[in-house]
Amino acid sequence: MLESYDPRAVEREAQDFWVGRRSFEVGEDAGKPKYYCLSMFPYPSGKLHMGHVRNYTIGDVLTRYYRMRGYNVLQPMGWDAFGLPAENAAMANKVPPAKWTYDNIAYMKAQLKSLGFALDWTRELATCRPEYYKWNQWLFTRLFKKGLAYKKTGVVNWDPVDQTVLANEQVIEGRGWRTGAVVEKREIPMYFFRITHYAEDLLATLDKLPGWPEQVKLMQKNWIGKSEGVRIGFECGKEILWVFTTRADTLMGATFCAVAAEHPLAVQAAQKNPELKKFVEECRKGAVMEAELAQVEKKGMPTGLHVTHPLSGEKLPIWVANYVLMGYGEGALMAVPAHDERDLEFAHKYNLPVKQVVQHPPGDPTAHGTLINSGKYDGLGYPQAVDAIAADLAKKGLGEKQVQWRLRDWGISRQRYWGTPIPIVHCAACGDVPVPDEQLPVLLPEDVVPDGTGNPLNKRASYVDTKCPSCGKPAKRETDTMDTFVDSSWYFARFACPGQDKSMVDERARYWMPVDQYIGGIEHAILHLLYSRFFTRAMRDEGLLPGMAEPFTNLLTQGMVLAESYYRDVGSRREWINPADVSIEKDSKGKIISAKTRDGRDVVYDGIGTMSKSKNNGVDPQALIDQYGADTARFYTMFASPPTNTLEWSDESVDGSYRFLRKVWDFAYKFSRASCAASADRKIRYQIHLELKKANDDIERQKFNTVASACMKILNALEELPEWDETSREGLSILLRLLSPIAPHVTHHLWRELKFGEDVMRAPWPDPDPAALEQDEIELVVQVNGKLRGSIRVPKAADRAAIEGLAMANPNVQKFVAGQNVKKVVVVPGRLVNLVV
RNA sequence: GCGAAGGUGGCGGAAUUGGCAGACGCACCAGACUUAGGAUCUGACGCCGCAAGGCAUGAGGGUUCGAGUCCCUCCCUUCGCACCA
């Protein structure tokens, strides 16, 4: 065997071996338990980033581990290939999005292969291929016929200069990213998926997902946002203003009503009131983003209209307020300033009355309590008050209990080219007609270069002009495409069915689904995961996935990979400098005091955040692979932190990972030339098996950083052996197997070189030997008043009295208890003794 | 603003159940080997202190024989907020 570690040669050799044996291609096998391990597929942005390396290494470690544990493991890979960046690249480089995307896929596929992931490439898919998106279209037509897909108007960001719809990320501080024009809200017709049909089930089933992080389940629960309340009608002349509230108990404290600027009452009132019209129009300026809306200063204007309080008969003014959202509830609310912080802020600003009606604990006006100043309802608690008030309202026909959801239906229309065409034909006579199955897929032309002014499909007569599938007369094709979240909502099921062109999925999906382990970034905790859960239900009800509701049994949400970012302002333009090109100076506390580029110009430190193209702070993993090899890149990303933590990038510590793999090689090299004694070393063997026991626990709880450090500890222990013996051989074979899921290439090579077997991946996973873990004596820590004062060795079977005696006899312990009364002795078996004086 | 998570040496992190805080590694420091060292090996390495010892897990308070871990208040960072993926 070679004396020194050459990652390049070792990795090529191992990868050739796997390809030659088709090691990762799997089929259905009734003889083994199946394990479907899936990492979120990448958007083909150009090259892999650190988040990908981390994500796919986590999946690969699990895949290789479960294979060695005897499971039939599927780990596929594909491309989330539709999306906005391809159109942006097209505008910048005058290249069709299709070509740009396919080129990126080719490059990134080579990168993934160089990292040695155990992927079944025979199942590769790209969502921009007709054979994939055909089934988006097919399912859309099914849902459309059932009413689960439907058309209504939705609000979008409109750039008045480019005459185009903007994505939220294309709106910067309320202005269009290319034109700088103030963005307006515009209502346009769109298609929606009726995800709210499944709201109750999506919420209730969260409790049956023990393999999901509590954090994610809680976020989804809050997002779905079931609230039980009362719908209350306020008479306004001949009309009724309906509001929804979860605090009907505070109805007697309502001092005004507020409606959204888009509310029909506001629009109507604005027609006769130029000042109000101006205000309503002002509310239409700016982006649709909720985060932005929530932070704008609360503003309002009276409509001049009044409503009648349904119980007191009092006249209350109606205001238009920019903090009322048209999309939630009725787009209107009753304001109770005394018991709602936002209403209070608004009331103070505009001098509106505040009337306390609930006796609340001091300092918490929004807490439930007993009613006061509420006439006949005085003295009631929250539930009784709500019941009584709802009943009285019901008698007048002005209220009823209602369940309200925060979850909205999913708008899937995008006024963009690079996505799945929505399979609808608009016919003057027949209306919106879904494209029949035999005419699917509606093909997206691939030779288009968008220019940023609207959807280029609109300008293609050959695409738009068609015949109505229903009556055969000339008609227009829908030019909107689907949200790319549609593509990623079912790809996991499609991976089970390569080559299937007769149906969306087939019976093979019943073998592989659900995904046993899904791995991806925490940033997908809500939308992607919720949409996938919705799709699985919709497909189930279409007969495609019988009996299945939940697509992902276990979910691992990896933390984001963060890096520092730096910029400098050049005129009005902000230039972002890659951290690799910045040298920094830190003070003794580690705070950055100055940052300069290589040529000595000052740059501004902008803090730490997600690696992103816009801040140019990405670290290219390719440089890491080129310099150290794939095994080091994999080992480092596992060792650096547990998968669920954020990972703050530092290239300084990569060296240590490389050094460790080299040490493994050096040890194996020396072993290959040594002759071993037949004896074993009890003490070192104990250490190795103890580390193995902990490492096996850590793999099960997905803490791969401590598995990596267990490998280091085992090697450190082996190096302490006074001579080559059976413990060296056993320890090395354990080390190579334990390390193989993380660093598969070097362990593959050494396993064969040392004649442990032909293929480490097919070796059984090591389990600790109980005999090696047996000990006659154990060490106990002795504390006095909770402070460490010494330690004692006691026989394993020692009783309490013997332990107390030994603890008291310890000289250092004596120093602290001498002459004092020992009031209490706490003995924690196997751990410690605490003497309280 | 709302929802969620996190904060431990100079740095990444460990401590699985309330029981030895800082495993393992990086950086730094000292030494050995060497023509050389950005290689390798040995040692030291939280802070204060000559030592005994004391202090220390974002800040402040509480529960407990014992708190990084549980409870309360506050501060900071990251993620999501429905057209980025």
Side-chain angles (χ1 to χ4, degrees), chain A residues 40 42-43 45 80 82-85 88 154 156-157 165-171 213-216 218-219 221-223 225 288-296 298 323 327 341-342 407-416 483-485 488 521-528 530-531 557 559-560 562 586 588-590 607-610 612-614 639-642 644-650 652-657 659-660 666 694 697-698 701 703 705-706 708-713 716 779-783 785-788 791 815 823-826 828 830-832 834-837:
Chain A
M40 290 179 185
Y43 178 79
S45 55
D80 190 11
F82 275 137
L84 198 53
N88 296 339
V156 294
N157 302 304
V165 175
L166 297 178
N168 281 339
E169 77 157 6
Q170 296 173 317
V171 179
E214 288 306 319
Q215 172 196 5
V216 174
L218 194 53
M219 282 196 263
K221 187 182 167 210
N222 292 337
W223 184 264
V288 299
M289 271 177 278
E290 203 170 290
E292 207 156 290
L293 290 174
Q295 279 171 86
V296 298
K298 285 178 189 49
Y323 72 98
E341 279 174 35
R342 286 173 310 173
L407 180 68
R408 309 199 290 261
D409 277 338
W410 173 14
I412 60 151
S413 294
R414 298 291 179 269
Q415 297 66 43
R416 268 183 255 298
D483 181 3
T484 56
F485 273 125
S488 54
I522 183 68
E523 70 274 20
H524 293 291
I526 297 176
L527 292 181
H528 163 61
L530 193 62
Y531 292 153
T557 46
M560 309 286 290
L562 309 180
K586 294 184 178 181
S588 59
K589 288 193 179 113
I608 196 151
T610 322
S612 73
K613 211 168 193 174
S614 60
F639 179 62
S641 78
T644 51
N645 278 26
T646 54
L647 175 68
E648 286 178 31
W649 184 255
S650 128
E652 285 172 338
S653 19
V654 177
D655 258 338
S657 297
R659 198 175 302 161
F660 168 68
D666 292 345
K694 283 196 260 178
D697 286 348
D698 288 343
R701 52 184 199 118
K703 300 281 183 203
N705 55 327
T706 50
S709 72
C711 291
M712 292 175 158
K713 288 181 193 174
N716 289 348
E779 189 175 289
L780 291 184
V781 160
V782 185
Q783 298 178 337
N785 285 345
K787 292 206 163 111
L788 176 66
S791 72
K815 222 164 96 185
K823 290 183 224 151
K824 188 173 175 184
V825 181
V826 181
V828 183
R831 287 192 188 272
L832 58 70
N834 189 16
L835 307 173
V836 184
V837 297

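Below, each value reflects all heavy atoms present in this structure, side chains not excepted, and no hydrogens, waters or symmetry copies. Remember, predicted model here, so these are calculated numbers, not experimental data. Order of the sequence lines fixes the chain letters, A, B, ..., with proteins taken first and strands second; residue numbering starts at 1 for each chain.
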Out of B:G19, B:U16, B:C81, minimum distance to the side chain of A:Arg701 belongs to B:U16
Would you indicate which nucleotide in B:U16, B:C84, B:U40 comes nearest to any side-chain atom of A:Asp698? B:U16
Can you confirm whether A:Val836 sits close enough to A:Val825 that some side-chain heavy atom of one is under 4.5 Å from a side-chain heavy atom of the other? no
Taking for each residue the nucleotide of RNA chain B bearing the nearest heavy atom, is the 5' side occupied by A:Ala640 or by A:Ala708? A:Ala640
May I ask you to evaluate whether A:Asn834 reaches the phosphate of B:G19, defined as a side-chain N or O under 4.0 Å from OP1 or OP2? no
Under 4.0 Å, counting only non-hydrogen atoms across every strand here, what does A:Ser413 touch: a base, just sugar-phosphate, or nothing? base
Would you mind classifying the nucleic acid contact of A:Val165 as base, sugar-phosphate or nothing, using non-hydrogen atoms under 4.0 angstrom? base
Report the glycosidic orientation of B:G9: syn if within 90° of 0, anti in every other case. syn
For A:Phe639, answer base if it contacts any base atom (sugar-phosphate contacts may also be present), sugar-phosphate if it contacts only those atoms, and nothing otherwise; contact means non-hydrogen atoms under 4.0 Å. base
Contact class for A:Gln170 vs. all strands (heavy atom < 4.0 Å): base, sugar-phosphate, or nothing? nothing
Hey, does A:Gln215 reach any base, or is it just sugar-phosphate, or nothing, if we go heavy atoms under 4.0 Å? sugar-phosphate
Base partner of B:A36, which must satisfy Watson-Crick or wobble distances under 3.5 Å: none
Answer with base, sugar-phosphate or nothing: what part of the nucleic acid does A:Leu647 contact at a heavy-atom distance below 4.0 Å? nothing
Proximal nucleotide (of B:A21, B:C79, B:C81) relative to the A:Leu788 side chain: B:A21
In whole Å, measure the gap between the C1' atoms of B:A51 and B:G38 for me. 40 Å
Heavy-atom distance under 4.5 Å between the side chains of A:Asn645 and A:Asn705, does that happen here? no
Counting the atoms with a prime plus P, OP1 and OP2 as sugar-phosphate, which does A:His524 contact under 4.0 Å by heavy atoms, base, sugar-phosphate, or nothing? base
The side chain of A:Glu523 lies closest to which of these nucleotides: B:C26, B:U16, B:C79? B:C79
Run the side chain to side chain contact (heavy atoms under 4.5 Å, CB included) check on A:Met289 and A:Val171 step by step: do they pass? CA-CA 9 Å; A:Met289 271 177 278; A:Val171 179; 4.1 Å; yes
So do A:Phe485 and A:Ile412 actually touch side chain to side chain, heavy atoms under 4.5 Å? no
Nearest to the side chain of A:Leu218, which nucleotide is it out of B:A4, B:C24, B:U16? B:A4
Does A:Trp410 reach a base, just sugar-phosphate, or nothing at all? Heavy atoms under 4.0 Å. nothing
Suppose you measure atom P in B:C55 against the same atom in B:C70; what distance do you get, rounded to whole Å? 24 Å
Can you tell which of B:G19, B:U40, B:A14 lies closest to the side chain of A:Leu832? B:G19
Using Watson-Crick or G-U wobble geometry with both distances below 3.5 Å, tell me the partner of B:C50, or none. none
Identity of whatever pairs with B:G6 - Watson-Crick or G-U, under 3.5 angstrom: B:C76
Does A:Arg831 place a side-chain N or O at less than 4.0 Å from the phosphate oxygens OP1/OP2 of B:G66? no
Of all the nucleotides listed (B:G12, B:G1, B:C26), which has the minimum atom distance to the side chain of A:Glu648? B:G12
Interatomic distance at C1', B:G46 relative to B:C28, whole Å: 14 Å
Would you say A:Thr484 and A:Tyr43 make side-chain contact, with heavy atoms under 4.5 Å? no
Pairwise side-chain contact, A:Ile522 with A:Met219, heavy-atom cut-off 4.5 Å (strictly under): yes
Out of B:A85, B:G25, B:C26, which has the shortest distance to the side chain of A:Met712? B:G25
Can you check whether A:Asn222 has a side-chain N or O nearer than 4.0 Å to OP1 or OP2 of B:A4? yes
Looking at every strand, decide which applies to A:Ser653 at a 4.0 Å heavy-atom threshold: base, sugar-phosphate, or nothing. sugar-phosphate
Name the closest nucleotide to the A:Lys824 side chain, picking from B:A27, B:C81, B:C65. B:C65
Any strand counts, and the cut-off is 3.5 Å on both contacts for Watson-Crick or G-U wobble. Which nucleotide pairs with B:G66? none
Determine which nucleotide pairs with B:A56, using a 3.5 Å limit on both distances of a Watson-Crick or G-U wobble pair. none
Does the side chain of A:Lys787 get closer than 4.0 angstrom to OP1 or OP2 of B:C55 through an N or O atom? yes
Which residue lies toward the 5' end of RNA chain B, A:Asn645 or A:Ala710, if each is placed at its nearest nucleotide? A:Asn645
Do A:Leu832 and A:Gln783 make a side-chain contact, defined as non-hydrogen atoms from C-beta onward lying under 4.5 Å apart? yes
Output yes when at least one side-chain N/O atom of A:Thr484 is less than 4.0 Å from OP1 or OP2 of B:A85, else no. yes
Given B:A82, B:G3, B:A23, identify the nucleotide with an atom nearest to the side chain of A:Met219. B:G3
Pairing partner of B:G1 (Watson-Crick or G-U wobble, both distances under 3.5 Å): B:C81
Classify the nucleic acid contact of A:Leu84 as base, sugar-phosphate or nothing, counting any heavy atom under 4.0 Å across all strands shown. sugar-phosphate
Which part of the nucleic acid, if any, lies within contact of A:Asn168, taking any heavy atom under 4.0 Å across all strands shown: a base, the sugar-phosphate backbone alone, or nothing? sugar-phosphate
On the nucleotide B:G53, are OP1 or OP2 found under 4.0 Å from the side-chain N or O atoms that A:Lys815 carries? yes
Base, sugar-phosphate or nothing for A:Pro642? Non-hydrogen atoms, less than 4.0 Å. sugar-phosphate
Quote, to the nearest angstrom, the C1' distance that separates B:C20 from B:A27. 27 Å
How is A:Phe485 classified with respect to the nucleic acid when contacts are heavy atoms under 4.0 Å: base, sugar-phosphate, or nothing? base
Name the nucleic acid region contacted by A:Val836, choosing base, sugar-phosphate or nothing; use a 4.0 angstrom heavy-atom cut-off, strictly under. sugar-phosphate
